[in-house]
Amino acid sequence: MAVFFTLQEHTHEVNTGTMERPLEATRMENTTSACVLMERKTHVKINRKQVMLAKLRKSCSCTPEKLKNFLMDFLPVLRWLPKYKCKEYIWGDVMSGLVIGIILVPQAIAYSLLAGLKPIYSLYTSFFANIIYFLMGTSRHVSVGIFSLISLMVGQVVDRELLLAGFDLNDDASPALGDKCYAIGIATALTFVAGVYQVLMGIFRLGFVSMYLSEAVLDGFATGASLTILTAQVKYLIGIKIPRSQGHGMLVITWINVFRNISEANICDVITSAICIVVLVTAKELGDQYKHKLKFPLPTELVVIVVATLVSHYGKLNEVYASSVSGAIPTGFIPPKVPPFNLMLRVAIDALPLAIVSFVFTVSLSEMCAKKYAYSIRANQEMFAVGFCNIIPSFFHSFATSAALAKTLVKTSTGCQTQVSGVISAMVVLLVLLFLAPLFYSLQKCVLACIIIVSLRGALRKFRDVPARYQVNKMDTFVWIVTTSASALISTEIGLLVGIVFSLLCIIVRTQRPRTALLGQIQDTNFYEDDLEYENLSSVPKVKIFRFEAPLYYANKNYFLKSLYRLTNLDPNLEVARRKKYKKEKRHLKKGDHTTANGLGIGETALQLVPKQTDFQALVVDCSSILFLDTSGVNTLKEILKDYKDLNISVLLACCNPSVIDSLKRGGYFGKDFGSMQEMLFYSIHNAVQFAKDQKLPADCSV
């Protein structure tokens, strides 16, 4: 007895062009021989142009309420600051702001070495970035400011343009006024263009670009850049004078120059560096070990800078031992200046990876903090915020910024509640800018290099995670290794590009040669699994069940066919040809011709061409892992349907998603009127297997 169920739903709207009511009847059986005919929902389709025009009219309309909402969305501080719980939040914000400010000052001075700029510009960058993100950011905990990777990318562009303009990059050369002005001009032009890119990406909602930067690519990029940063600081550690290497292979060239000039090392800088690294690493390790007992991290960098400056000043290390020092750092603010437009075209390409990396790190850290502390951020607004953190400060002699992981973690661990802490940090930097900057005149550059190198501990430790990463995912490990190698050995920008391309190629390769399997039935159940992966599976008599774990499209259609023929041990094309030739030879035998063209006896030839005995009468294709089909994919399924039909083997599709079913219907897989659809398409593998065993539908179960 056959029972029918028709499932019909209400209509709903989609954005396409015409009216259509597709009827889809797909067979689903159970043990009582019931047939369930599933009817697809009716889609009432709306003109896409009309929808776009309606949205455009709505977005272009201007009302006081809409203007207010726009302003509050653009400056989120207007929403949360009036609701600020002073008694509850102020202590944590002040403490975290002071700690971050104390950390920011030595890091800003140190990272100026990476950017190839004077320390005063790094302090400007730290000050303006905190103020602007306070006004525009949606994350409560992210610390935005100077960041080592961004400083490195800026420094590489600055050095290249200075070299092309004919300036001397040797450290022992006294920098001329034109050198200084041109260097900060390059940096501000680069920063302005990067900020414009970020704002445009926000306007056009291009944040999806960050999706192509996988965790393996970002980690590899950070690790490779860290090796480059470490290499660039070695000359300051040992006090040798070597030219700044430019272009591809900078890491290798720099190390060659270091070893060539190792005999000229400054013994004062070597001793100072050794002492500073020991103190900094010991303090960091103790801080990590006892962080649960400490209310805030130890300001080790500041202590080291203060002590080293005093020793250098009173010991006259620059005059007596020729130790390189930071030099004069002016106080106050330089008058604002428009970034030089004539340099913007020269750095337009360099600004693109800078903009993407800056945005990705900021949004990633913002999402991490939002998830941890149960609030939401707006990724698009974050793009605007970091964009204006670059555009506006570029008029005030600042360079590119981003969120920094280390300072963000410190911020959260010291009780930060809102971005008021960023204002406190900015005030600490302002204090240094207005009054304390000249006191760092005698600070040795080797001390700054030590601070930079010790800050890379986290990125360099990722080398220890390679074995564990390999155990988790081999492909991601290869992506990490390739990105790290390219970023370190070629250049950071090319390394990032290589990482993205290689990551995408890995995805393509995975879909080109995916896992394939023949399935067996789990005993006493209606479920089926890979018989090479699981024990105690029973094969289904006269039925082969084939699984393909990828979309079926033009790039993997040949692999699909080869895998199918190999696993089923039957190539239908060869078998059909063999059978035709066998019949032809039999006809020759009946006519009395006992030899063939190749000289073999007809009996020998006929024996070689005996048709293969197939051990199955139905092929079930498990489509549960096939996400989509293109034209080649549909044609491939039509091809195997025809080829196996010539051998009296039926092909049944199971577990197809609606997208795949639609592609099959449009490609004519089920015929013009879909009349045979219920005999070819099943909602589960077990339904298809049961049908294959019966080989006939009940008489009253036709469409």
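Around atom CD1 of I349, no more than 12 heavy atoms belonging to other residues, nucleotides or ligands sit under 6.0 Å away. No more than 12 heavy atoms of other residues, nucleotides or ligands sit less than 6.0 Å from atom OH of Y321. Sparse packing is recorded around CH2 of W91, with 12 or fewer heavy atoms of other residues, nucleotides or ligands lying under 6.0 Å away.
With hydrogens and angles disregarded, a donor-acceptor distance shorter than 3.5 Å links the side chain of K411 to the backbone of V142. A donor-acceptor pair is defined here as one N or O able to donate and one able to accept, closer than 3.5 Å; no such pair exists between the side chain of Y133 and the backbone of Q419. N473 contributes no side-chain N or O that, together with a main-chain N or O of R469, makes up a donor-acceptor pair within less than 3.5 Å. Side-chain N or O atoms of T412 include one that pairs as donor or acceptor with a backbone N or O of L409 at under 3.5 Å. Side chain of S122 to backbone of A108: a donor-acceptor contact under 3.5 angstrom is found. In terms of modelled atom types and a separation under 3.5 Å, the side chain of T254 and the main chain of M250 share a donor-acceptor contact. Side-chain N or O atoms of S487 include none that pairs as donor or acceptor with a backbone N or O of G224 at under 3.5 Å. Within the 3.5 Å criterion, the main-chain N or O of L456 finds no donor-acceptor partner in the side chain of R461. Of the possible donor and acceptor atoms, none in the side chain of S398 sits under 3.5 Å from a partner among the backbone N and O of S394. At least one donor-acceptor pair closer than 3.5 Å links the side chain of Q381 to the backbone N or O of M136.
In terms of heavy-atom proximity, S143 sits nearest to I100 at OG-CG2, 4.0 Å. Scanning all heavy atoms of the two residues, the minimum distance from G387 to Q198 falls at CA-OE1, 3.2 Å. Shortest non-hydrogen contact noted between V311 and L317 is O-CG, 4.2 Å. Smallest separation of non-hydrogen atoms from G220 and T483: C-CG2, 3.8 Å. Residue G332 comes nearest to L434 through the heavy atom pair CA-CD2, 4.0 Å, listed as atom of the first residue, atom of the second, then distance. Closest approach of P340 to A189, counting heavy atoms only: O-CB, 3.8 Å.
A 4.5 Å side-chain heavy-atom check between L227 and L460 finds at least one atom pair inside the cut-off. The closest side-chain heavy-atom distance from I329 to P438 is not below 4.5 Å. Annotation: side chain of Q444 is in contact with side chain of C268 (closest heavy-atom distance under 4.5 Å). When side chains are defined from C-beta on, T484 counts as touching F463, because their heavy atoms get closer than 4.5 Å. Residues I391 and V199 meet the side-chain proximity criterion, which asks for heavy atoms closer than 4.5 Å. Side-chain contact check for V325 versus S312: some heavy-atom pair is nearer than 4.5 Å. Using a 4.5 Å heavy-atom threshold, the side chains of F359 and I356 count as separate. When side chains are defined from C-beta on, R160 counts as touching D350, because their heavy atoms get closer than 4.5 Å.
Atom CD1 of I452 and atom CD1 of I109 lie 11.0 Å apart (nearest 0.5 Å). Atom CZ of F147 sits about 11.0 Å away from atom CG of L114, to the nearest 0.5 Å. Expressed to the nearest 0.5 Å, how far CZ of F128 lies from NE2 of H397 amounts to 9.0 Å. Separating the OG atom in S402 from the CZ atom in F361 is a distance of 7.0 Å, to the nearest 0.5 Å.
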Q: Please test L280 against C450 for side chain to side chain contact (heavy atoms under 4.5 Å, CB included), starting from the C-alpha separation and ending with a verdict.
A: CA-CA 8 Å; L280 287 167; C450 291; 4.2 Å; yes
Q: Give the C-alpha distance, both sets of side-chain angles, the deciding distance and a yes or no for salt bridge (charged side-chain N to carboxylate O under 4.0 Å, His left out) between K284 and E301.
A: CA-CA 10 Å; K284 293 288 185 184; E301 290 93 343; 2.8 Å; yes
Q) N266 and I238: side chain to side chain contact (heavy atoms under 4.5 Å, CB included), yes or no, with the steps? A) CA-CA 6 Å; N266 187 307; I238 59 179; over 6 Å; no
Q) Can you list the steps and then say if T309 with L439 is a side chain to side chain contact (heavy atoms under 4.5 Å, CB included)? A) CA-CA 8 Å; T309 302; L439 300 179; 5.9 Å; no
Q. Are F127 and M427 close enough, and set up right, to give a side chain to side chain contact (heavy atoms under 4.5 Å, CB included), and what steps lead you there?
A. CA-CA 8 Å; F127 173 75; M427 294 303 105; 4.1 Å; yes
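Side-chain contact check for T492 and Q156: at least one donor-acceptor pair (N or O, by modelled atom type) lies under 3.5 Å. Donor-acceptor pairing under 3.5 Å is recorded for the side chains of D93 and Y84. Using modelled atom types, one finds no donor on one side chain facing an acceptor on the other under 3.5 Å when comparing Q417 with K85. A donor atom on one side chain and an acceptor atom on the other are found under 3.5 Å apart for S366 and E382. Judged purely by distance below 3.5 Å, without hydrogens or angles, the side chains of T191 and N390 never pair a donor atom with an acceptor atom.
Aromatic ring pairs are classed by plane angle as parallel below 30°, tilted from 30° to 60° and perpendicular above 60°; the pair F388 and F384 is tilted. Ring-plane geometry between F192 and F341 is classed as perpendicular, the angle between the planes exceeding 60 degrees on a 0 to 90 degree scale with a lower cut at 30.
Taking the six-membered ring where the residue is Trp, the centroids of H141 and Y375 are separated by under 6.0 Å. Annotation: F396 is not in aromatic contact with F333 [ring centroid separation under 6.0 Å not met].
Remark: Y470 engages no residue in a ring-ring contact (aromatic ring centres under 6.0 Å, His included) (not counting sequence neighbours).
Taking a cutoff of 4.0 Å between a charged side-chain nitrogen and a carboxylate oxygen, E367 and K372 do not qualify as a salt bridge. Between D269 and K445, no side-chain nitrogen of the basic residue sits less than 4.0 Å from a carboxylate oxygen of the acidic one, so the salt-bridge criterion is not met. The pair R457-E285 counts as a salt bridge, with a side-chain nitrogen and a carboxylate oxygen less than 4.0 angstrom apart.
R140 forms no cation-pi arrangement with Y373, by the criterion of a distance under 6.0 Å to the ring centre and an angle within 45° of the ring axis.
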